[in-house]
Structure formats: C-alpha cells, structure tokens
> 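The structure follows.
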Amino acid sequence: MTDCADHWRGPTLSSPVCRQPAAEQREFIEISHDRARQLGLRTEQGVAAYVLAASWMGIGFEDSVRLLKALLGAPVPELRKVHGMSQWVHDQLGPNATPESGDNALRRSFHLTRPWGLQ
C-alpha cells in the first residue's frame with residue numbers, strides 16, 4: 001500500500017488516515033461522511049472538505065471549537081461554512097496555531113464571504 005501523504009511533503013502534512021489499512025480508511029470515510037451530512041453539508045464539495053479536515057484534525061474536531069461549531073450549525077450557505085472550516089484547519093495546521101488564531105481565521109473568513117449572503 002502506498003502512503004497517501006506522498007503527495008504532500010512537509011512536517012505538518014502527514015495524515016494518519018493515509019497510513020491505515022484500506023478497511024479502516026473506508027470506515028473512517030463512512031463515519032466522517034455521515035458526520036458531514038449531520039452537520040448539514042450536502043454538496044460533494046462540502047462533504048469532501050469535512051472528510052479531508054477530519055483526516056487531519058480527527059472526527060468530531062468541530063465539537064471542541066465553539067465558533068466553528070456555531071458556523072457549521074448556522075443558517076448560512078454551505079460555501080461559507082466550508083470556507084470557514086477550511087480556513088480554520090489551515091490555521092490550526094500552521095506552526096503558530098492557537099485557539100485564538102483559529103477563532104480569528106473563522107471571523108476573517110465569515111467577513112470575507114459576506115457577499116455570498118446569509119441563506
């Protein structure tokens with residue numbers, strides 16, 4: 001089996017999911033896919049973004065972040081949810097990540113995606 005992380009070179013980009021046996025990878029994808037749907041992510045892009053984020057951060061990562069959980073549960077377009085979640089993950093994978101920097105990434109994303117509306 002090849003390592004999925006071969007595409008990505010760098011100290012912070014080595015997802016543990018890629019090193020699991022195929023059956024465990026499928027189970028992870030099924031669980032995270034269902035979780036994405038429970039969060040209201042319906043599009044292929046939204047579900048895929050959640051599955052990828054969960055592969056780096058762990059399934060249920062949003063439960064420990066008040067602002068992220070609020071965004072994912074808010075009645076805003078899915079595009080805004082996915083953008084915010086992606087910006088939060090990007091921040092948290094960085095070398096200087098803190099809870100505050102993650103919250104700031106969410107706020108910045110929410111402001112920048114305002115043109116996409118509230119519903």
Side-chain angles (χ1 to χ4, degrees):
M1 180 170 81
T2 61
D3 186 359
C4 302
D6 285 344
H7 278 61
W8 307 102
R9 301 290 180 207
T12 61
L13 298 177
S14 59
S15 174
V17 172
C18 292
R19 293 186 298 270
Q20 294 176 346
E24 289 180 28
Q25 287 180 17
R26 278 191 299 279
E27 181 182 14
F28 172 86
I29 289 170
E30 289 172 9
I31 292 168
S32 54
H33 181 277
D34 291 345
R35 183 122 180 150
R37 293 293 188 166
Q38 291 169 3
L39 291 168
L41 301 175
R42 300 283 180 243
T43 67
E44 192 173 302
Q45 179 185 6
V47 171
Y50 181 85
V51 171
L52 181 60
S55 75
W56 299 118
M57 310 307 292
I59 293 175
F61 64 92
E62 72 283 353
D63 290 338
S64 63
V65 183
R66 185 183 54 81
L67 282 180
L68 181 57
K69 189 166 182 143
L71 173 63
L72 292 173
V76 297
E78 185 172 315
L79 180 64
R80 292 185 83 180
K81 294 177 182 188
V82 170
H83 187 269
M85 177 182 63
S86 297
Q87 292 301 303
W88 180 85
V89 169
H90 176 80
D91 175 81
Q92 294 300 291
L93 289 175
N96 301 316
T98 65
E100 294 79 24
S101 69
D103 287 351
N104 288 337
L106 285 168
R107 288 184 186 102
R108 207 170 29 257
S109 171
F110 197 72
H111 175 73
L112 291 173
T113 59
R114 187 174 307 272
W116 283 297
L118 293 175
Q119 293 184 353

> When you measure from the side chain of Lys81 to the backbone N and O of Leu72, does any donor-acceptor pair fall under 3.5 Å?
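Yes.
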> Side-chain contact, heavy-atom cut-off 4.5 Å: Leu68 with Leu106?
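A side-chain contact exists here, since the closest heavy-atom pair is under 4.5 Å.
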> Under 3.5 Å, is there a donor-acceptor pair between the side chain of Ser86 and the main chain of Val82?
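Indeed, once roles are kept as given, a pair shorter than 3.5 Å links the two residues.
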> Go through the steps for His33 and Tyr50 under the test side-chain contact (heavy atoms from CB on, under 4.5 Å), then give the verdict.
CA-CA 8 Å; His33 181 277; Tyr50 181 85; over 6 Å; no
> Using modelled atom types only, decide if a donor and an acceptor are shared between the side chain of Ser55 and the backbone of Leu52 within a distance under 3.5 Å.
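Yes, because the side chain of Ser55 sits within donor-acceptor range (under 3.5 Å) of the backbone of Leu52.
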> Treating Gln87 as the side-chain partner and Arg108 as the backbone partner, does any N or O pair qualify as donor plus acceptor under 3.5 Å?
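The answer is no, because no donor-acceptor pair under 3.5 Å joins these two groups.
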> Could you give the distance from CZ (Arg80) to CG (Leu112), rounded to the nearest 0.5 Å?
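Arg80 CZ to Leu112 CG: 9.5 Å, rounded to 0.5 Å.
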> Taking the side chain from Asp91 and the backbone from Ala105, do they hold a donor-acceptor pair closer than 3.5 Å?
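A pair under 3.5 Å: no.
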> Do Arg35 and Asp63 meet the salt-bridge criterion of a basic N to acidic O distance under 4.0 Å?
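Yes, Asp63 and Arg35 are salt-bridged.
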> Roughly how far, to the nearest 0.5 Å, is the CG atom of Leu67 from the OG atom of Ser109?
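Separation between the atoms: 11.5 Å.
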> With rounding to the nearest 0.5 angstrom, report the CE to CG distance, Met85 to Leu41.
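It comes to 6.0 Å.
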> Count I, L, V, M, F, W, Y as connected when their side-chain heavy atoms are under 4.5 Å apart, and connections chain through other members. Are Phe61 and Leu93 then in the same cluster?
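Phe61 clusters together with Leu93.
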> Begin from the C-alpha positions of Met57 and Trp88 and carry the test side-chain contact (heavy atoms from CB on, under 4.5 Å) through to its verdict.
CA-CA 11 Å; Met57 310 307 292; Trp88 180 85; 3.8 Å; yes
> Spell out, as yes or no, whether a donor-acceptor pair under 3.5 Å connects the side chain of Ser32 to the backbone of Val51.
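Between the backbone of Val51 and the side chain of Ser32 there is no qualifying donor-acceptor contact (under 3.5 Å).
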> Any side-chain heavy atom of Asp103 within less than 4.5 Å of one from Val65?
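SC-SC contact between Asp103 and Val65 confirmed.
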> Got more than 12 heavy atoms from elsewhere within 6.0 Å of CZ, Arg66?
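12 or below, so no.
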> When you compare the side chain of Arg37 with that of Arg42, does any pair of heavy atoms fall below 4.5 Å?
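In short, these two side chains touch, coming nearer than 4.5 Å.
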> Asn104: what forms a side-chain hydrogen bond (donor to acceptor under 3.5 Å, both in side chains) with it, not counting sequence neighbours?
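Partners of Asn104 by the side-chain hydrogen bond (donor to acceptor under 3.5 Å, both in side chains) criterion, ordered by chain and then number, come out as Arg107.
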